[in-house]
Number of protein chains: 2
Amino acid sequence: MTYVSCNMSVMKVVEELRYLVLAIQREGNRLLAAELRPLGITPSQAEVLRVLRDHGPLTLNALGGLLVCETGNSPSRLVDRLVAQGLVKRGIDTIDRRYLALSLTPQGRALHRRIITAENRLHRTMDDRLAGQALDETISTLRSLADAFPTGAALARRRGPALAHQEN
Amino acid sequence: MTYVSCNMSVMKVVEELRYLVLAIQREGNRLLAAELRPLGITPSQAEVLRVLRDHGPLTLNALGGLLVCETGNSPSRLVDRLVAQGLVKRGIDTIDRRYLALSLTPQGRALHRRIITAENRLHRTMDDRLAGQALDETISTLRSLADAFPTGAALARRRGPALAHQEN
DNA sequence: ACGACACGTATGTCATGTCATCTGTTGGTC
DNA sequence: GACCAACAGATGACATGACATACGTGTCGT
């Protein structure tokens, strides 16, 4: 079968991994969107609320650096809609007026609690599909793929708040 | 840690899986988009060309059923741009004029060969990141997640009927 | 003080994705 | 043959994502 190149089969495996990741991401996002629709927000918006809740007030850049759903360019418009819905407060740093100080409003905090419930429903669904398979090896494999990338690094930052950016 | 519910840690693991999948999909897509940009097409368009090449002429619905990048609703606009670029021929079934008969043009076939080269560059990059880790368990875990979903079924269909698409 | 530069944020543009709805075509029923 | 439900595809609307660029603000060198 592998008469073209000796590592052809490895390529095929990596390609299947790529398509599996694509399929799971799509479907997971669709399911989560359905869970969140009654709350009036999208999965990306939910991630912003979560990051803002877990990591104090943030500038727009710092927020982008902790988001997986956006490559840090600048989630201006993503934040815009949350501000318009009264879920996020957009403050301006009085010392350096270039910086924003983004934080949750009380409504944002309240909504985040309902978001967690919705996400847990998705996670239970996923857990059922996984039928108790051990995920350790899968997680560690995917981590080694993700960690090399900017958004993977974002995840690592969110995991290990003790590593660096405590002051945000 | 798990003072709220006994399977709280399982939830956390599933959640990390979800974010890892999101991160890898995003970054993989970004890298692939960069590889494909010189060819003038996007990752989604490349998937259409690939499916049309592997599975003869297709109707729009059948194409949607084999795509991972779109949930089968109807990739009309995705196909539109490929037709506009002369890569896909949009034929109309003469017997039942509701059906399309989508197939690659010679240019589409030629471009697909260059797409494979670009994709292989990405796969090599991913393979490097994986540093020779065995993927068997990861693949099978992800398959059990994906197979329950429509687009996972699409992947299975692509694997199944055309077990013999070795000629690439 | 002034001007070039760096930096954070905002905006324009394009291609997805997703859902809802519309249009055209066919087949079945009367 | 006329009506109508079912189906394939097209389109409108909205929110992302990604890239490039424009704008406002602070910093630094002179």
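Naming convention: chains lettered A, B, ... in sequence-line order (proteins, then strands); numbering from 1 in each chain.
The base of D:dG12 lies close enough to the side chain of B:Arg77 for a donor and an acceptor atom to sit less than 3.5 Å apart.
Using a distance-only test at 3.5 Å, with no hydrogens or angles considered, a donor-acceptor pair links the side chain of A:Glu47 to the main chain of A:Cys69.
At a threshold of 4.0 angstrom between heavy atoms, the contacts of B:Ile95 are confined to the sugar-phosphate backbone, with no base atom among them. Using a 4.0 Å heavy-atom criterion, one finds that A:Ser76 contacts the bases of the nucleic acid, with or without backbone contacts as well.
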Problem - B:Val79 and B:Leu100: CA distance, side-chain angles, deciding distance, side-chain contact (heavy atoms from CB on, under 4.5 Å) verdict - result: CA-CA 11 Å; B:Val79 169; B:Leu100 295 183; 5.9 Å; no
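Side-chain N/O atoms of B:Asn61 include one lying less than 4.0 angstrom from OP1 or OP2 on D:dG9. Taking side-chain N and O atoms only, A:Arg97 has a distance below 4.0 Å to OP1 or OP2 of D:dT25. The phosphate of C:dG27 (OP1 or OP2) has no side-chain N or O of B:Arg98 nearer than 4.0 angstrom. Contact check, A:Ser74 against C:dG8: no side-chain N or O comes under 4.0 Å of OP1 or OP2. Residue B:Arg90 has a polar side-chain atom (N or O) positioned under 4.0 Å from OP1 or OP2 of D:dA10.
Put simply, CG on A:Asp96 is 10 Å from C1' on D:dT27, counting in whole angstrom units. Rounded to whole Å, atom C1' of C:dT16 lies 16 Å from atom CZ of A:Arg30. Following rounding to the nearest Å, B:Glu70 (CD) and C:dC19 (P) show an atom-to-atom distance of 11 Å. Rounded to an integer number of Å, the gap from CG of B:Leu100 to C1' of C:dT23 is 14 Å. Computed from coordinates, the A:Asp80 CG to D:dC14 P distance equals 16 Å when rounded to whole Å. For the pair B:Asp93 CG and D:dC7 C1', the computed distance is 14 Å after rounding to whole Å. With rounding to whole Å, B:Leu58 atom CG is found 10 Å from D:dG9 atom P. We find that CD1 of A:Ile92 is positioned 10 Å from P of C:dT9, with the value rounded to whole Å.
The side-chain tip of B:Arg158 points at the ring of A:Tyr19 from less than 6.0 angstrom away and within 45° of straight on.
Ion pair A:Asp80/A:Arg90 flagged as a salt bridge, since at least one NZ, NE, NH1 or NH2 atom sits closer than 4.0 Å to an Asp/Glu carboxylate oxygen. Taking 4.0 Å as the cut-off between side-chain N and carboxylate O, A:Arg129 and A:Glu27 do not count as a salt-bridged pair.
Comparing B:Gln45 and A:Tyr99, the nucleotide of DNA chain C nearest to each residue sits closer to the 5' end for A:Tyr99. Where B:Ser44 and A:Ala101 meet DNA chain C, the nucleotide closest to each residue was compared, and A:Ala101 sits on the side nearer the 5' end.
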